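As structure tokens, the structure follows; a few thoughts come after it.
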Protein chains: 2
Amino acid sequence: MTGIRRLAQHLDISIGTVSRALNGRPDVNEETRRKVLEAAAELGYVPNQSGRSLRQGTTNIIGFMMQTGTEITGQGDTFFMSVFDGVQTVFARHRLDLVALLCSSEEDPDDYLRRVVARGFADGLILSATQRNDPRFEFLAKRKIPFVTLGRSLTDVGQPWLDLDFEGMAQISIDRLVAKGHRRIAVTRPHDDINLGHLFVDQSAKALAAHGLTLDPDLVFSSKPNEAGGYHVAQQLLAMKDRPTAILLVNETIAIGFYRGMSEAGLKPGRDIAIIGRQSPQSHFLSPSLTGFTLSRRDLGIALAEALLATMPAFSHFYPDAELRKVWPEDLVEGESDAFTLPA
Amino acid sequence: MTGIRRLAQHLDISIGTVSRALNGRPDVNEETRRKVLEAAAELGYVPNQSGRSLRQGTTNIIGFMMQTGTEITGQGDTFFMSVFDGVQTVFARHRLDLVALLCSSEEDPDDYLRRVVARGFADGLILSATQRNDPRFEFLAKRKIPFVTLGRSLTDVGQPWLDLDFEGMAQISIDRLVAKGHRRIAVTRPHDDINLGHLFVDQSAKALAAHGLTLDPDLVFSSKPNEAGGYHVAQQLLAMKDRPTAILLVNETIAIGFYRGMSEAGLKPGRDIAIIGRQSPQSHFLSPSLTGFTLSRRDLGIALAEALLATMPAFSHFYPDAELRKVWPEDLVEGESDAFTLPA
DNA sequence: TCGACCACCGTAAACGTTTACGGAACTATG
DNA sequence: CATAGTTCCGTAAACGTTTACGGTGGTCGA
């Protein structure tokens with residue numbers, strides 16, 4: 001005799017009542033419910049998840065899909081860990097188990113997602129690293145699996161999303177640099193087709209145009225989102241005959257490599273080239289200090305979780321006015337890296 | 001009609017045979033097996049995991065428990081991501097699903113593990129961040145849940161483990177620095193009770209003793225394993241009246257903070273203080289270059305996975321001679337950070 | 001020809017839950 | 001007192017698998 005049956009026998013009531021009591025159904029006497037809860041705690045009874053899943057067609061698991069491997073090591077890790085932390089705290093309140101689904105660098109993300117879904121792994125999903133045209137959106141929508149994405153995409157299927165304000169960052173950065181007299185401004189973007197790259201570059205071009213300037217295509221640098229990528233950008237940029245006087249670094253970690261590249265060439269950030277980037281725990285240890293944008297990653301995670309739950313029927317009533325689509329604001333922390341000013 | 005029943009109906013054979021065919025049982029005609037596989041692919045049939053789990057008492061999931069949150073952000077992330085990548089590739093071969101169980105910084109790791117286990121979440125576990133006395137070991141052993149740990153512990157319960165060679169690193173580092181004339185050598189260790197700290201510090205002391213030297217307790221610096229921790233160590237160390245001439249940095253990321261602390265004080269690694277640390281993708285962008293140990297994180301992950309599978313009855317025959325307990329060797333990459341030599 | 005053996009397959013029970021349904025006991029209402 | 005309504009509980013079916021067991025038809029050796 002195991003499981004709920006054992007508990008029922010111990011209390012000398014039926015398993016149906018036990019189940020109802022444990023699941024908070026209304027049609028059970030409060031006195032019996034108390035006894036059941038008590039006995040459950042005493043005997044250390046925990047419902048078997050397989051049994052529940054089989055019956056209810058639900059797993060109680062939410063998956064947070066991220067990519068792993070060397071390519072994005074610099075980028076993904078510390079950032080996503082913090083976001084994950086925020087997500088975790090929300091789901092814990094609902095006794096939902098959150099797991100990280102790390103798609104290996106060797107595997108295609110679409111294939112990986114297909115496997116996860118076929119397996120019936122999760123009740124809901126959080127996607128990150130959204131591509132400009134991301135097939136995963138359609139795929140999940142077609143199967144009616146609730147999901148939320150960290151990042152917009154052109155392939156919008158009506159799902160909730162949150163995103164960083166790449167357009168705002170581009171706008172503010174360009175305005176700021178132009179005000180300091182810069183005319184030739186470089187921009188970085190991730191090497192793949194991730195959507196944020198487009199948003200950032202396009203908005204940079206628009207912002208420049210508003211000042212009567214154009215974004216020189218030669219000044220758009222694609223880079224892997226890690227230290228090595230930033231180093232490589234520095235090498236390319238410094239080898240140019242008509243070198244830009246300022247640069248926007250869209251990614252958090254490439255600043256470290258870019259600094260290194262400059263110092264090897266005997267140049268100093270903020271003196272020879274103006275830099276605006278993004279803050280991270282690591283960037284605090286750059287010298288000269290980095291001017292860059294920052295945000296609460298943990299709060300972002302919380303908002304992500306709430307947006308997802310708001311679209312899941314079983315939980316939506318908890319979050320009647322969750323923000324389903326939001327561009328997340330960032331603050332600019334002023335440092336020394338963009339001190340370089342050109343004469344008017 | 002759904003699931004396996006639908007498939008059986010479509011083929012006009014019994015569900016029992018279908019199941020046997022799909023699971024590679026011997027007592028099914030190869031011709032029928034072919035047909036079943038074909039039809040399964042055609043209809044896109046995928047066995048329901050809840051059904052399997054319920055019947056077999058097994059989940060097909062392996063959990064890799066890590067910690068998240070600000071405290072270890074610097075440390076854990078890129079390192080564990082790479083290890084995870086290695087683990088993933090092994091489990092994929094056996095159609096086991098690997099998920100990352102990220103214990104939030106707010107939650108006690110022991111409680112978290114208890115929840116995971118009570119839920120019957122995984123068939124096996126990989127533990128990291130092992131403490132000197134780690135209650136999780138006993139807990140899992142008592143419940144007969146297969147697990148492997150990345151890191152030794154005093155609370156050994158016979159489970160397989162892999163670990164980095166902290167003792168070897170300490171020995172080689174001390175020998176090397178002493179040969180360069182250093183006598184006052186500082187050592188870092190993580191601020192918590194993680195076991196590697198003990199191994200590293202103890203072996204450093206022994207190695208010094210072999211040269212007739214002693215490890216000054218004031219020269220053992222506890223730090224959080226991130227950039228900020230390294231920065232803090234530098235501040236403390238540089239404020240000493242009788243400053244050490246060399247230091248060992250046990251953690252990968254603190255070097256960045258330590259460098260920053262030195263340069264703010266107008267000092268240069270490798271010229272004013274000799275440093276031996278650990279290599280990481282980030283440390284490649286330090287200047288002067290870091291002398292430090294390195295290893296293949298991915299291979300470590302592969303070995304971890306194999307050690308775990310070797311102890312699980314259903315898979316052990318695949319890995320008859322897996323290394324169940326191994327101190328993982330590291331290579332020393334020579335850089336400029338320990339160039340500082342004292343006159344004899 | 002007969003029994004033994006083998007290869008293959010169908011049947012049905014089990015895994016641990018949840019929940020629709022119906023019924024018993026009680027209360028309220030006229 | 002009869003009826004209707006309410007509260008609570010037990011029964012049993014279902015979720016989708018796997019697998020022990022038994023049965024059928026065939027082959028082979030004596």
Side-chain angles (χ1 to χ4, degrees), chain A residues 1-37 39-40 43-61 95-97 117-123 313-314, chain B residues 1-37 39-40 43-61 95-97 117-123 313-314:
Chain A
M1 193 68 60
T2 72
I4 201 173
R5 231 170 290 268
R6 185 163 120 75
L7 192 53
Q9 191 180 28
H10 179 256
L11 288 163
D12 199 29
I13 58 180
S14 79
I15 61 171
T17 303
V18 173
S19 175
R20 279 188 295 263
L22 292 172
N23 291 15
R25 299 268 148 166
D27 55 346
V28 50
N29 188 300
E30 281 307 323
E31 172 62 14
T32 36
R33 189 195 304 281
R34 196 188 51 72
K35 281 190 203 158
V36 171
L37 260 5
L43 301 191
Y45 168 75
V46 178
N48 177 298
Q49 184 58 38
S50 302
R52 310 192 70 191
S53 295
L54 183 56
R55 174 61 214 237
Q56 310 200 107
T58 194
T59 63
N60 248 23
I61 298 176
R95 303 181 163 277
L96 284 168
D97 290 309
V117 168
R119 177 107 155 43
F121 202 100
D123 293 344
Chain B
M1 193 69 60
T2 72
I4 201 174
R5 230 170 289 269
R6 185 163 118 76
L7 193 53
Q9 192 180 28
H10 179 256
L11 289 163
D12 200 30
I13 57 179
S14 79
I15 63 170
T17 304
V18 173
S19 175
R20 279 189 295 263
L22 292 173
N23 291 17
R25 300 269 148 168
D27 55 347
V28 48
N29 188 301
E30 281 308 323
E31 173 62 13
T32 35
R33 188 194 306 280
R34 197 187 53 72
K35 282 189 200 159
V36 170
L37 260 6
L43 300 191
Y45 168 75
V46 178
N48 178 297
Q49 183 58 39
S50 302
R52 310 193 70 191
S53 295
L54 182 56
R55 173 61 214 240
Q56 311 199 107
T58 194
T59 64
N60 247 24
I61 298 176
R95 304 181 161 277
L96 284 168
D97 290 308
V117 169
R119 176 103 154 50
F121 202 100
D123 294 343

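Below, chains carry the letters A, B, ... as their sequence lines are ordered, and counting in each starts from 1. Computed from a predicted structure; not experimentally measured.
Using a 4.0 Å heavy-atom cutoff across all strands shown, B/R5 reaches at least one base atom of the nucleic acid. Using a 4.0 Å heavy-atom distance criterion, A/G16 is classed as a base contact.
Map B/G51 and B/P26 each onto its nearest nucleotide of DNA chain C; the residue landing nearer the 5' end is B/P26. Along DNA chain D, the nucleotide closest to A/I15 and the one closest to A/E30 are compared, and the more 5′ of them pairs with A/E30. Residues B/R20 and B/P47 both approach DNA chain D. Their nearest nucleotides, taken by heavy-atom distance, put B/P47 toward the 5′ side.
Taking 4.0 angstrom as the limit, B/Q56 places none of its side-chain polar atoms (N or O) nearer than this to OP1 or OP2 of C/dA14. Proximity of A/N29 to the phosphate of D/dC8: a side-chain N or O atom is located under 4.0 Å from OP1 or OP2. Applying the 4.0 Å criterion to OP1 and OP2 of C/dT17, one finds that A/S50 has every side-chain N and O outside that range. Phosphate contact (OP1/OP2 of C/dC9, side-chain N/O of B/T32, threshold under 4.0 Å): present. Listed pair B/S19 / D/dT17 fails the phosphate criterion, with no side-chain N or O lying under 4.0 Å from OP1 or OP2. For C/dT18, the OP1/OP2 oxygens have a side-chain nitrogen or oxygen of A/N23 closer than 4.0 Å. Taking side-chain N and O atoms only, B/T2 has no distance below 4.0 Å to OP1 or OP2 of D/dC15. For the OP1/OP2 pair of C/dC9 and a distance below 4.0 Å, the side-chain nitrogens and oxygens of B/T17 include no atom meeting the criterion.
Under the 3.5 Å distance criterion, the side-chain polar atoms of B/S50 are left unmatched by any main-chain donor or acceptor of A/S50. No donor-acceptor distance shorter than 3.5 angstrom exists from the side chain of A/N23 to the backbone of A/R25, with no hydrogens or angles considered. A distance-only check finds a donor-acceptor pair linking the side chain of B/D123 to the backbone of B/N60 [under 3.5 Å].
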- prompt: Can A/T17 and A/L11 be said to form a side chain to side chain contact (heavy atoms under 4.5 Å, CB included), step by step?
  reply: CA-CA 11 Å; A/T17 303; A/L11 288 163; over 6 Å; no
- request: Report the C-alpha separation of A/I61 and A/L96 in whole Å, then their side-chain angles, then the decisive distance to 0.1 Å, and conclude whether the side chain to side chain contact (heavy atoms under 4.5 Å, CB included) test is met.
  value: CA-CA 6 Å; A/I61 298 176; A/L96 284 168; over 6 Å; no
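Atom P of nucleotide D/dT17 and atom CG of B/N60 are separated by 14 Å, given to the nearest angstrom. Taking atom CZ of B/R52 as the reference point, atom P of C/dG16 lies 17 Å away to the nearest angstrom. In this structure, the CG atom of A/D27 is 18 Å from the P atom of C/dA25, given to the nearest Å. In this entry the distance linking CZ of B/R25 with C1' of D/dT18 reads 8 Å, nearest Å. When the C1' atom of D/dG16 is taken as reference, atom CD of A/Q49 falls 15 Å away, rounded to whole Å. Here D/dA14 presents its C1' atom at 14 Å from CE of B/M1, a figure rounded to the nearest Å. One atom, CG of A/L11, and another, C1' of D/dC9, lie 14 Å apart when rounded to the nearest Å. When rounded to the nearest whole Å, the span between CG of A/D12 and P of D/dC9 equals 13 Å.
Between B/I15 and B/A8 the shortest heavy-atom distance is CG2-CB, 3.5 Å.
Side-chain atoms of A/R6 stay outside donor-acceptor range of the base of C/dG16, with no qualifying N/O pair under 3.5 Å. For a distance-only test at 3.5 Å, the side chain of B/R55 fails to qualify as a donor-acceptor partner of the base of C/dG16.
In the set D/dC9, C/dC9, C/dG10, the nucleotide with an atom closest to the side chain of B/I13 is C/dG10.
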